[in-house]
> 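Right, I'll just put the structure down here and ask away after.
To find a chain, count down the sequence lines: A is the first, B the second, and so on, and within it residues start at 1.
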Number of protein chains: 2
Amino acid sequence: MARLGTSVEEPVRQRLLSAATRLFADKGFESTSVQEIVAAAGVTKGAMYHYFDSKDDLLHEIYGRVLRMQMDRLRHFADGEGTVAERLHAAAADVINTTVDNLDDSKIFFRSNHQLAPDTRKVVRAERRRYHERFRDLVLEGQQLGVFNTDVPAEMVVDFFFGSVHHLGTWYHPDGPLTGSEVGRYFADLLLRSLTPAS
Amino acid sequence: MARLGTSVEEPVRQRLLSAATRLFADKGFESTSVQEIVAAAGVTKGAMYHYFDSKDDLLHEIYGRVLRMQMDRLRHFADGEGTVAERLHAAAADVINTTVDNLDDSKIFFRSNHQLAPDTRKVVRAERRRYHERFRDLVLEGQQLGVFNTDVPAEMVVDFFFGSVHHLGTWYHPDGPLTGSEVGRYFADLLLRSLTPAS
DNA sequence: ACCAGCATACCGACTGGTCGGTCAAGAAGA
DNA sequence: TCTTCTTGACCGACCAGTCGGTATGCTGGT
């Protein structure tokens, strides 16, 4: 059992998670064999099946990490200070920033959803829904205060925006000309302007 | 040889394409076996390998169909009549409409990209890029005419918007309360407003 | 009218190989 | 000695693709 500061190396469980994340993002869940994962982590299958119930369980853990992190950050910005517009802008820019910082997780999240076992999928979907609802409530708050347009339902605005976030994994490259913060600002600007009354 | 109106049934090739589309969209490319596809189409493996070179080839054909259709429609709207804003709005609403009408194709398109053989993927990506460029040029045209905001690069606006289109397969249900046209109008409105100067 | 020759369309058993997962056994610290 | 962690050989299921074969019908020579 790894105690505090016992080993220089990452513990086996972490190494497996990291290796799996990289491989799943690169080649997809189904195209990655357990053998490849354990080889990349420098262990054998027995070790993997000691820490995880199945290949599916590994994927589920990756999902869990992302979901918890995103939810924590969203709550922090949504419940923070400032006007609704400021809080929504900050939350939107932040989710793009963290998505870009964890592009592999994001790719897996949006591409391998259908590979999860039905039960696991239900859990993930429920957690995802709560996240969306918190975001939607922010939009709703602005609409009720009269600072946002009401002609497009809040629910749809959220789906519209998260499509763009989802899509980042497809075109964004960390070594490209744009930083995550820049993309975050651009996208948050577009979102806010699409919600702001014309005159 | 099927002459005009000779057979009531769809020809085998079409049946295979349809069955594969449905199954790939439901369970993903890698999780669908050739055996399942031919069973759903009511033929055997021999028939499939008579019409297609490989399982990959089948996927490639599905991609080709979607790409050709989308490009044709975009050109029609982009080169049509009306102001830039009107043409962009029409093209944006239409791509959402056809995406909703062919949700299975769309799911496959955005989810199974990485399963294609490298060569095939290059071809698909190139065609996809041309599509994006045509769309971007529309935005650029509006920016140069001064009717659209210029603070966000046209390229980024396109990536922003197509993320939302991409995402449709995740949340839209044909038997839900919204028609494709309604979603198309909402999303096109959001896009146009995000491009329109505030005052 | 007939037949040989050939192409198209399709069948389904089979092959070589891969995969997720199991398990008996060993190493090492407490 | 007991527990925790790790090994690697192994199993049964499954999969993409192959191949020898059949049925049908068109074509041109007689």
Side-chain angles (χ1 to χ4, degrees), chain A residues 1-21 23-24 26-62 108 112 114-121, chain B residues 1-21 23-24 26-62 108 112 114-121:
Chain A
M1 201 141 306
R3 304 236 173 68
L4 286 151
T6 299
S7 69
V8 235
E9 294 191 75
E10 253 183 316
V12 172
R13 205 189 122 92
Q14 261 312 308
R15 290 217 311 274
L16 282 165
L17 238 23
S18 303
T21 302
L23 288 165
F24 288 165
D26 275 2
K27 336 191 322 166
F29 178 76
E30 293 282 345
S31 306
T32 303
S33 71
V34 173
Q35 199 52 242
E36 287 175 291
I37 298 168
V38 297
V43 291
T44 57
K45 281 219 250 181
M48 200 221 95
Y49 280 95
H50 174 74
Y51 290 105
F52 301 96
D53 291 341
S54 62
K55 191 186 171 189
D56 227 84
D57 189 34
L58 201 45
L59 182 57
H60 183 48
E61 282 296 312
I62 295 174
I108 296 168
S112 305
H114 55 120
Q115 312 284 13
L116 285 165
D119 292 345
T120 315
R121 187 151 79 227
Chain B
M1 203 136 305
R3 304 230 176 68
L4 285 152
T6 299
S7 72
V8 237
E9 296 192 74
E10 251 184 316
V12 171
R13 206 189 120 93
Q14 261 312 307
R15 291 218 309 274
L16 282 164
L17 238 23
S18 302
T21 302
L23 287 165
F24 288 165
D26 275 3
K27 336 190 323 166
F29 178 76
E30 293 282 346
S31 307
T32 304
S33 72
V34 173
Q35 200 53 243
E36 287 176 291
I37 299 168
V38 299
V43 292
T44 57
K45 279 221 238 180
M48 201 223 96
Y49 280 97
H50 177 70
Y51 289 107
F52 301 96
D53 290 341
S54 60
K55 192 187 173 188
D56 227 84
D57 189 34
L58 200 46
L59 182 58
H60 183 48
E61 282 296 311
I62 295 174
I108 297 169
S112 305
H114 55 118
Q115 312 284 13
L116 285 165
D119 293 345
T120 314
R121 185 151 79 227

> Let me know the distance between NZ of B:Lys55 and P of D:dT18, rounded to the nearest Å.
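Result: 14 Å.
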> For the side chain of B:Ser112 and the backbone of B:Gln115, is there at least one donor-acceptor N/O pair under 3.5 Å apart?
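Looks like no, no N/O pair under 3.5 Å.
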> So which one's nearest nucleotide on DNA chain C is more toward 5', B:Val43 or A:Ser54?
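Taking each residue's closest nucleotide, the earlier one in sequence belongs to B:Val43.
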> Nearest of C:dC10, C:dC11, D:dC15 to any side-chain atom of B:Thr44?
C:dC11
> Quickly work out the A:Gln35 CD to C:dT18 C1' distance and round it to whole Å.
11 Å
> Please evaluate the base of D:dG17 for a donor-acceptor partner in the side chain of B:Lys45 within a cut-off of under 3.5 Å?
yes
> For a quick test of reading the model, state the closest non-hydrogen atom pair linking A:Glu30 to B:Ser31 and the distance between them.
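Heavy atoms of A:Glu30 and B:Ser31 come nearest at OE2-OG, 3.1 Å.
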> Atom CZ of A:Phe52 and atom C1' of C:dG20: how far apart are they, to the nearest Å?
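Atom-to-atom, A:Phe52 to C:dG20, this comes out as 16 Å.
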> Nearest nucleotide by nearest heavy atom, which residue falls closer to the 5' end of DNA chain D, B:Glu36 or A:Gly46?
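The residue closer to the strand's 5' end, by nearest nucleotide, is A:Gly46.
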> Specify the separation, in whole Å, of atom CE of B:Met48 and atom P of D:dC19.
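Rounded to the whole Å, the gap is 15 Å.
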> Rounded to whole angstrom units, what separation is found between the CG atom of A:Leu59 and the C1' atom of C:dG20?
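Rounded to whole Å, this separation is 15 Å.
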> Are side-chain heavy atoms of A:Leu17 and A:Phe52 found at a separation under 4.5 Å?
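Side-chain contact under 4.5 Å: yes.
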> Mind checking B:Thr32 for me? I need base, sugar-phosphate or nothing, with any heavy atom below 4.0 Å counting as a touch.
sugar-phosphate
> In whole angstrom, give the distance that lies between atom CZ of B:Arg13 and atom C1' of C:dC10.
16 Å
> Please confirm whether the shortest side-chain N or O distance from B:His50 to OP1 or OP2 of C:dA9 is below 4.0 Å.
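Looking at the OP1 and OP2 atoms of C:dA9, one of them is under 4.0 Å from a side-chain N or O of B:His50.
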> Any side-chain heavy-atom pair from A:His114 and B:Lys27 closer than 4.5 angstrom?
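Contact flag for A:His114/B:Lys27 side chains = no.
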> Just wondering, do A:Tyr51 and A:Leu58 contact through their side chains at under 4.5 Å, heavy atoms?
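Heavy-atom side-chain distance check fails, nothing below 4.5 Å.
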> Taking atom P of D:dA16 as reference, at what distance in whole Å does atom CG of B:Asp57 sit?
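For the pair B:Asp57 CG and D:dA16 P, the rounded distance is 15 Å.
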> Could you state the CG-C1' distance from A:Leu58 to C:dC19, rounded to the nearest angstrom?
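It is 15 Å, rounded to the nearest whole Å.
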> Is the phosphate of D:dT6 approached by A:Tyr51 (side-chain N or O, under 4.0 Å from OP1 or OP2)?
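So the side chain of A:Tyr51 is within the cut-off, an N or O lying under 4.0 Å from OP1 or OP2 of D:dT6.
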